[in-house]
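Comments concern the structure below.
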2 protein chains.
Amino acid sequence: MKKIYLKDIAKHLNVSKTAVSLVLNNKGDENKISLATQKRIKEYAKKHNYEPNQLARSLSTGKSKNIGLIIPDISDTFYAKIASRVENMSEKLGYTVLFSSSNENPNKETKLIQSLLNRQVEGLIIASTQQNQKDIQILKTKNMPFVLIDRYYPNYDTNYVIVDNYGGVNDAVKHLWDLGRRKIGFISLKPGLEAMRQRLMGYRDAMKDFGVDTDDVIKELSYNNYENEIKNAIEELVRHPNNVDSIMFSTHYLAALGLRELRSLNIKVPDDVAIISFDEMGAFDLVDPPITSVLQPVSDIGGFAVKILMQEIEGKSVEIEKRMVLDTELIVRRSCGAS
Amino acid sequence: MKKIYLKDIAKHLNVSKTAVSLVLNNKGDENKISLATQKRIKEYAKKHNYEPNQLARSLSTGKSKNIGLIIPDISDTFYAKIASRVENMSEKLGYTVLFSSSNENPNKETKLIQSLLNRQVEGLIIASTQQNQKDIQILKTKNMPFVLIDRYYPNYDTNYVIVDNYGGVNDAVKHLWDLGRRKIGFISLKPGLEAMRQRLMGYRDAMKDFGVDTDDVIKELSYNNYENEIKNAIEELVRHPNNVDSIMFSTHYLAALGLRELRSLNIKVPDDVAIISFDEMGAFDLVDPPITSVLQPVSDIGGFAVKILMQEIEGKSVEIEKRMVLDTELIVRRSCGAS
DNA sequence: TTGAAAGCGATACCAT
DNA sequence: ATGGTATCGCTTTCAA
């Protein structure tokens, strides 16, 4: 059973390639091709398992039916879940998703964008390293539809779907305060990412509202060495003169690492130090103690991103909001000392 | 700055498209194109940001530089990690990965395979639903390079990279036995997947070695309703007449669900019931108690799969083993009652 | 209704 | 060394 092409069908049936193409794309009726011919063509195609070459079709139509998704790391559950949603939705709409991971490397991001463009994607969804405004601007000048997710460029006008990082942390910190915690530390990653900056501000502003000075209890770790740096950070926070009674972690893997560290220091959570994590990992509810987390609406991020992108690509009439800031949800568990 | 094509360069420089194509593909020297011309072409191309249309190139060369990856679910950490490895390796080799999730649905798998073939992928890596031997056979008759991962068809001759499911469970169960557990239950998913069958056999054979009857302590849940069924399964195992003192879970999410259930029944782990999980989730070491797990060499699965696939695609001379059964590793933590 | 032919953007063969 | 031209497989315009 060897491969069969459009022209083969045409030849064997003594019709033109045009007819075959039209019929197989269900444009037979509108082009008034006789039902008899249509039937012959369809049957022959089915019988011989004809499958069109999408590359050729794309080249011809100028539509690849591909969209690109660039994320920092597909093995991070947060991005994996977004990717899952993006893929499922796109697939239903007839689009294939080309994933790629930037590993937080701006140069790689640049290359990936270029590579995806070369592959004629019709649009992009990007969780940018945020050190690449240049590339993003290029996309815009090229009129390439795209939407940023998770991270955006605050000074540059684009579509985006992000979460309320500021509010999420702000609420969480206030929650700790309401539970009687007064010396609240904050462990995060060094700036560079707007999301991290927002989370820091959410923390700072909350503390400012309470009139507490935070200079010494904010620890920002570097991106490529946080595994090692967190040990010191935790130690400095919990011992004199800081003696924090609680720590807000700006992201789930920091919270996990931090908890391991607290344990090895024999510090009781939440009795000695309460903790809250921004975002969570699969088993955070099973951890000892279960970790209070600020949940992000992961699926929605992917879902809205696809919706916005499709609107840009296909120019649907119904306009939807193209800048979305989604709410987070505080899931209270024992690690913050509640209940 | 509008888009520029090969022919534009040729025209502006008064050379042929051939020359431009050759030079830009670094075949200038071997085709003895004068250095002067080469330089002109390269400079012009760079200056005007020429980027070749991969679709056109692929159509012309017959090589898409795409490979397809089909997995059940990208949001499952296990597959996400494999995908991550596959992507990183492929990217270095100049290939783009087209991911797609079958959601354990054989029909969707069929469609995905077809869709990827239409997009002219040069090879496939598939974690099959295992209800699709037909499609796999078709791939073979089409001479399409592919390698199965995680799941394979035991009665059908293909390349694959899997783990030693049998041995992994067998060892884990023996470990429980060595710790003094005698009534060991097993919770898994209904057959269909060879991996699950192997895990079951690993358990059965271990128990047979000990001369223990297991008929009543094996619970196989259905794929689409295990969240609900696990409650009963656990209850039946722990209460009279079974009274198991330990449970082996055939996969990480069952272990997580199971632990939640055990807790809500106020059963102490590991004192009353020890547990071991096949595979793990991100925070299993932080759980109360930390969960003993059979680790799979996730990255290697992806890595070897790409290696094998590339060998098939590019026909490298160095032959490597094309059926690999990788070893698992038992990570002993407190949930099994050790230490 | 149907078919011929141009075109999508590249590669590669075959002359010159 | 360089260029003309066929080709990849399909869509689509235009004439018949």
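When reading the values below, keep in mind they use all heavy atoms of this one structure, side chains included, and skip hydrogens, waters and symmetry mates. A, B, ... follow the sequence lines: proteins, then strands. Residue 1 opens every chain.
- Judged by distance alone with a 3.5 Å cut-off, a donor-acceptor contact links the side chain of B:T18 to the base of C:dA12.
- Nucleotide C:dT2 holds its C1' atom 13 Å from the NZ atom of A:K32, rounded to whole Å.
- The phosphate of D:dT11 has OP1 or OP2 within less than 4.0 Å of a side-chain N or O from A:N25.
- Taking the six-membered ring where the residue is Trp, A:F99 and B:F99 present tilted rings, their angle falling between 30° and 60°.
- When the P atom of D:dT7 is taken as reference, atom CG of A:N53 falls 17 Å away, rounded to whole Å.
- If you check distances only, the side chain of A:S60 never reaches the base of D:dG9 with a donor-acceptor pair under 3.5 Å.
- The listed nucleotides are C:dA10, D:dT2, D:dC10; the one nearest the side chain of B:I33 is D:dT2.
- Atom C1' of nucleotide C:dT2 and atom CG of A:N31 are separated by 10 Å, given to the nearest angstrom.
- The aromatic rings of A:H12 and A:Y44 lie parallel to each other, their planes meeting at an angle below 30°, with 60° marking the opposite boundary.
- Looking at heavy-atom distances under 4.0 Å, A:S21 makes contact with a base.
- Between the C1' atom of C:dG9 and the CG atom of B:L24 lies a distance of 13 Å, rounded to the nearest Å.
- Counting only distance, with no hydrogens or angles, the side chain of A:D73 and the backbone of A:S101 share no donor-acceptor pair below 3.5 Å.
- Judged by distance alone, the side chain of A:E109 and the main-chain N or O of A:T129 form a donor-acceptor pair under 3.5 Å.
- Backbone-only engagement by B:N14 is indicated by non-hydrogen atom pairs under 4.0 Å involving sugar-phosphate atoms exclusively.
- Counting any heavy atom pair closer than 4.0 Å across all strands shown, B:T61 reaches sugar-phosphate atoms only and no base atom.
- Between the P atom of D:dT2 and the CD atom of B:Q38 lies a distance of 9 Å, rounded to the nearest Å.
- Across all strands shown, B:N118 has no heavy atoms under 4.0 Å from either base or sugar-phosphate atoms.
- Note on B:Y50: a side-chain N or O is less than 4.0 Å away from OP1 or OP2 of C:dA10.
- In this structure, B:K27 reaches the sugar-phosphate backbone alone: every heavy-atom distance under 4.0 Å involves primed, P, OP1 or OP2 atoms, never a base.
- The residue among B:R57 and A:V15 whose nearest nucleotide of DNA chain C is located toward the 5' end is A:V15.
- Atom CG in A:D8 sits roughly 9 Å away from atom P in D:dC10 (whole-Å rounding).
- Looking only at side-chain heavy atoms (C-beta outward), B:Y5 and B:N53 stay at 4.5 Å or farther from each other.
- Along DNA chain D, the nucleotide nearest B:A19 and the nucleotide nearest B:L59 are compared for position; the residue whose nucleotide lies closer to the 5' end is B:A19.
- In this structure, CD of B:E30 is placed 15 Å from P of D:dT2, rounded to the nearest angstrom.
- Annotation: side chain of B:N132 is in contact with side chain of B:T110 (closest heavy-atom distance under 4.5 Å).
- Heavy-atom nearest nucleotides on DNA chain C were determined for A:T37 and for B:K17, and the one closer to the 5' end corresponds to A:T37.
- Of the residues near DNA chain D, A:L22 and A:L55, the one whose nearest nucleotide (by heavy atom distance) lies more toward the 5' end is A:L55.
- When distances run from any side-chain atom of A:S16 to the nucleotides D:dC10, D:dT2, C:dG3, the shortest one goes to C:dG3.
- Residue A:K7 has its side chain nearest to D:dC8 when only D:dC10, C:dT2, D:dC8 are considered.
- One can place NZ of B:K11 at 15 Å from P of D:dG3, the figure rounded to the nearest angstrom.
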